Each structure stands twice: as structure tokens, then as C-alpha cells.
Amino acid sequence: MICESIKKSYLKSQNLKIFGEGKLSGIVEISGAKNSALVLLAASLLTNERIILENVPSLTDIEKMGNILKNLGVNLVVKRNQLEIDSKNIAIKELPYELVNGLRASFFCIGALLTKFGEAKLPLPGGCNIGLRPIDEHINGLKALGAEILIKDGIVKAKLKGKKNRLFGTHIKLKCPSVGATETLIMAASLAEGRTTIENAAREPEVQDLCQMLNKMGAKIYDSGKEKIIIDGVNKLNGCTHKVIPDRIEAGTFLIAAAATSSSITISPVIPNHLEAVTNKLQESGSKITIKGNSITIYPKELKAVNIKTAPFPGFPTDLQAPFTALMTIANGESKITETIFENRMNHIHLLNEMGASIKLNKNVAYIKGVKKIKGMDLVASDLRSSAALIIAGIIAKGISRIYGLEHLDRGYENFESKLKILGIKINREFKKRTFTEKEYKIDQDPEDVPKCRAA
Ligand code: UD1
């Protein structure tokens, strides 16, 4: 069942209280990848047979996607971190604004709806407040595959061109290797007539995970993880069971938190080569890293300043830029952090400066002079990854910090504070004791209740 207890009003009355100068030790279990699970949920719409998704993280973004699917008529059964998805009875080809708002991944449904109904209607997607986030690459690709698309008043209307009853294979060259556009087009092309090639495709592990699941379903996708992907359209896709890959961004966040506190931890399970850009930078900045099977252990050493520049996979992930910036605030020396993927992903800089960091920001380049100490304070996070950065900063800092804006954190990190607690960090979710009217409820429960609530 989709968890209905997490409401905006509820989340906004929470904060994380962090006692600074913490140390981490032990083993942390890494959850399934949010960005994989979201697109795999959309891909499950492409078949009338049952899909079983394992290792799905319990997150509000997944809950939202689950609600979108249910609204389309999908029968969704949740058993802990496993979802059973049965799309044979979907009957609706529209996504309502209230469900789509704030979830960029909702746009993934367009390909499936087009192939099932020959038409689709959905609002322009929302998402984290980190930049313009256009969808032209999705739209141009779908048009090349034979869709007619009209965008008016924030609504995208798509239908198959002329009297065609299928999309048709074509050659698409993306202007930039967009993860979302590559995924949308792979899904649409997998049931199109004939061969599609996507050049300058995104190579991210989540794209590869999607291709693996689609191939299990009977799709014919070749060379995922390379710059040119080939898709031979098939007439039908079948059901399957698929395990979501581990979340490389969550994994990287924990490694960075350990490096920031001179701590030694082991993260598991992970796919170490998904994290190579991050472990390389951590090693360059002084940490010792060892890899054993599907686990990575980090050992502390003196923290040196290093430069990073975000890039599409296999480059340094933009999603770890904010946490790494928090780490560099206390590194020995000067570092330069360059964000190249999103134009508005430096929301954490002024907050880190308020904590005592020394960072000069010039557009998307942050110049950091490492300081000995930063101080704890109350801060409001404004996007998902900057909330992780502020929590890391709170753990490093002297004194107590309170981090607000947890609706962002809860979108993308499963049981984050519980995992930090197990590793030895003093961190608590505080709830404002406040009574809501009538159908609502009292917010005076035990902070431990929230992580137990399964999202989808
Ligand atoms: C996905 C991830 C997000 C990650 C990002 C980059 C999901 C749900 N989210 O987002 O966590 O930070 O990849 O790794 O998987 N662009 C265009 N036109 C388009 C599409 C994108 O110009 O049609 C641009 C974007 O503005 C951005 C860049 O391409 O500058 C990368 O965006 P993209 O790879 O599409 O990111 P998302 O799929 O939105």
C-alpha cells in the first residue's frame, strides 16, 4: 500500500538535530537506487504481464511514482522493498498535475502511454530546484520516432502520427547525453517498428539497469553503457523479476561523510565500478580505499584539497557535487569545484559559508579555502543533494545543527538518519508538536516511526 501518512504539512514540521564533531564506524547497508527504481516503475507499464521489482527503496519519490501508476489503473502490491506491478488494466492515458508536480521522473510514462494507447497527455514535469531542466531532447526524440507533440499551457499532448499504430525506428543523435531523454527514448523504441539507434546516449548505470530489465522482458537492446545504443523494436514485452542496482549516490554520500570525519566505514552492497570517479577523488584527497567483492571500505588519512568537475558517467556525478563540497570546506588547501551539468546546483554554498566555510562562488565554480572548523547552526535545505551536504556539514561542525527542509532529503535517501545513527552519529528527527484539524492528526509521534513507513 502506498504510504499516505507523509504529507507536506507533516514533513515541513520536522528537522534533523545533529550533534556535531561526530565519528562514523561500522558497516552501512546501501539501498536500491532511486533513479533506477523510478524508471523501472515506468518501464513496467510497457507490458501487460506482472513485473516484480526487488530492492526498491522506501522514498517519497517512489511513493509518488507508485501513486501515478495506481492512478493509471495499475495494480501495485508492496511487500517490504519488493513491488509487484500489474499494468494489464491500465485505462487512463493522462497524468494529473497534482500527482506529477515535483516528480521529473513522471515524464517517463509518456513512451509507455504512447505505445499502449497511441496517445498521452501529461503536464510538464517538475523535480528538484536545480536548474531549467528542459525536455527538448525527450520531445525531439519522440517526434523522430513518429509522435506528434504539442505543448500548450504546461501540458504535453502526444499522439502517433497519421494512421500509424506504432512508433517507428529511427536514428537519433542527442545534443547532450541526457539520462532522462535516453531512458524515455529507449522505452519508446523498445516497442517501435524496426531499429532505433541513439547516439550520444547517456551511459549512467541507471540507464544500463533499465536496458537489463527491458532485455529480460524480451526487448532487444544492444550496447547499453556505450555512447551508441541500438534497439530493435519487438511486438510485445513480457513480465520479469528484476533487482534494482545499489544506489551509487547514497553510497558515495556515506563515503564522503566518513572522509569528512576521519572515520573508517564499510559500505555494502555496491557495484564498485559505478563509484570509481568518487573513490578516485577520495583517494586523491588522502583516504585509503579498499574494495572486496561488493563492498568498499574507507580508511581515514589527512584530508587534502582536490578539484572536481562534474561530468556525465563515468565522470564525477553531479549528484555528489554538494556532499563533496561540504567535505572540501575542511580540507587542507584550496579546491575548485566546477558544476557542469545543472546551472543552479550551488544552493548549499552560502549556507556552508554561514557555518564558517570560506567559499567564493563564481557562477558554477566554487573556490574553497579549507578551514580548520565550521560551526553548527540551523539551516534550511532547498534541494535533495544539498540537504545531504548540509547534514554532512552538521556532522563535521562544532556544536548543534538543525537541518530543515527534510521533504527534499526524504525524496532520495532511505532511512538516512537511522543509518547514520547506527554508524554512531548523534542525530534525531525532531517533530513540532502541533495538532491538525479534523481528518488530520497529531504530530507528536516517536521520531522512529517515520523510517518504518514503507513508501510504496
Ligand atoms: C537524472 C537524475 C538526476 C541526475 C541527472 C544527471 C533521475 C530521476 N534523475 O536527471 O539525479 O542529477 O540525471 O546525472 O534519473 N537537458 C536538456 N534537454 C533535455 C534533457 C536534459 O538540455 O531534454 C540537459 C539538462 O538541463 C541538464 C543535462 O541535460 O543540463 C543533464 O540532464 P539529464 O541527464 O536529463 O538529467 P535528468 O534525467 O533530469
Side-chain angles (χ1 to χ4, degrees), residues 32-43 56-57 59-62 64-65 68 100 102-111 124-144 149 151 156 172-188 198 200-211 227 244-245 247-253 274-275 277-278 309-324 338-347 363-364 383-389 408-409 411-413:
K34 166 184 87 83
N35 288 348
S36 262
L38 285 171
V39 71
L40 297 178
L41 274 165
V56 179
L59 300 166
T60 56
D61 265 11
I62 301 291
K64 277 189 184 178
M65 195 66 175
I68 288 173
V100 166
L103 185 67
R104 187 166 171 84
S106 59
F107 202 69
F108 290 142
C109 297
I110 193 168
L124 285 168
C128 246
N129 176 30
I130 54 176
L132 283 174
R133 308 193 82 175
I135 51 159
D136 54 317
E137 297 284 348
H138 304 240
I139 300 293
N140 293 340
L142 289 170
K143 280 184 178 167
I149 299 187
I151 306 177
V156 182
I172 298 165
K173 185 165 183 183
L174 296 176
K175 275 192 298 177
C176 60
S178 156
V179 175
T182 303
E183 292 170 337
T184 296
L185 300 176
I186 287 171
M187 285 188 277
I198 306 177
N200 200 22
R203 298 157 65 191
E204 268 66 5
E206 295 76 21
V207 175
Q208 298 177 41
D209 202 22
L210 169 68
C211 295
E227 278 172 29
V244 177
I245 55 169
D247 196 312
R248 64 194 168 102
I249 305 303
E250 186 203 8
T253 305
H274 291 175
L275 280 151
V278 183
K309 190 172 186 175
T310 61
F313 189 82
F316 192 94
T318 171
D319 286 350
L320 285 174
Q321 177 264 111
F324 207 89
T338 311
E339 173 57 55
T340 70
I341 309 289
F342 292 108
E343 63 273 21
N344 187 23
R345 208 166 209 186
M346 292 290 188
N347 300 325
K363 294 188 180 137
N364 273 341
D383 67 70
L384 169 58
R385 305 304 170 186
S386 75
S387 60
H408 302 293
L409 181 79
R411 285 186 44 218
Y413 286 92

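Counting starts at 1 for both ligands and their atoms, following the listed order. What you see is a predicted model, and the numbers here were worked out from it, not measured in a lab. Numbers here are sequence positions counted from 1.
Within the 4.5 Å cutoff, the side chain of R411 has no heavy atoms near those of the K64 side chain. Side-chain contact between L40 and L210 is present, with at least one heavy-atom pair separated by less than 4.5 Å. Put simply, the side chain of F316 does not reach to within 4.5 Å of the side chain of T340, judged on heavy atoms. Two residues are said to be in side-chain contact when any heavy atoms from C-beta on lie closer than 4.5 Å; D247 and Y413 fail this criterion. Inter-residue side-chain proximity for C109 and I68 is flagged as met; some heavy-atom pair is nearer than 4.5 Å.
In terms of N/O distances under 3.5 Å, ligand 1 is not approached by E343. Ligand 1 has no N or O atom lying under 3.5 Å from any N or O atom of R385, backbone or side chain. On a distance-only criterion, I341 and ligand 1 share at least one N/O pair closer than 3.5 Å. The shortest N or O to N or O distance between P134 and ligand 1 is under 3.5 Å. At a 3.5 angstrom cut-off on N or O pairs, A105 does not count as close to ligand 1. Between E137 and ligand 1, an N or O atom pair is found at a separation short of 3.5 Å.
With ligand atoms numbered from 1 in the order given, ligand 1 contributes 35 (O), 38 (O) to contacts under 4.0 Å with heavy atoms of G180. Of all atoms in ligand 1, numbered sequentially from 1 with element shown, those under 4.0 Å from a heavy atom of H138 are 23 (O).
A heavy-atom separation below 4.0 Å is not found between Q321 and ligand 1. At least one heavy atom of R104 sits less than 4.0 Å from an atom of ligand 1.
Of the heavy atoms in V39, none comes closer than 4.0 Å to ligand 1. Proximity of R345 to ligand 1, defined as any heavy-atom pair under 4.0 Å, is confined to the side chain (atoms from C-beta onward). Both the backbone and the side chain of V179 come within 4.0 Å of ligand 1, judged by heavy-atom distances.
If you check each of C176, A37, A202, S36 against atom 24 (C) of ligand 1, the one with the closest non-hydrogen atom is C176. Between the choices T318, T340, D136, the shortest heavy-atom distance to atom 14 (O) of ligand 1 belongs to T318.
Of all heavy-atom pairs spanning V156 and I110, the tightest one is CG1-CD1, 4.1 Å.
A donor-acceptor contact shorter than 3.5 Å is absent between the side chain of S36 and the backbone of A33.
Side chains of H138 and T184: a donor-acceptor N/O pair is present below 3.5 angstrom, by distance only.
Under the 4.0 Å criterion applied to side-chain N and carboxylate O atoms, D319 and R345 are assigned as salt-bridge partners. A salt bridge is defined here as a Lys NZ or Arg NE, NH1 or NH2 lying under 4.0 Å from an Asp or Glu carboxylate O, and E206 with R248 meets this definition.
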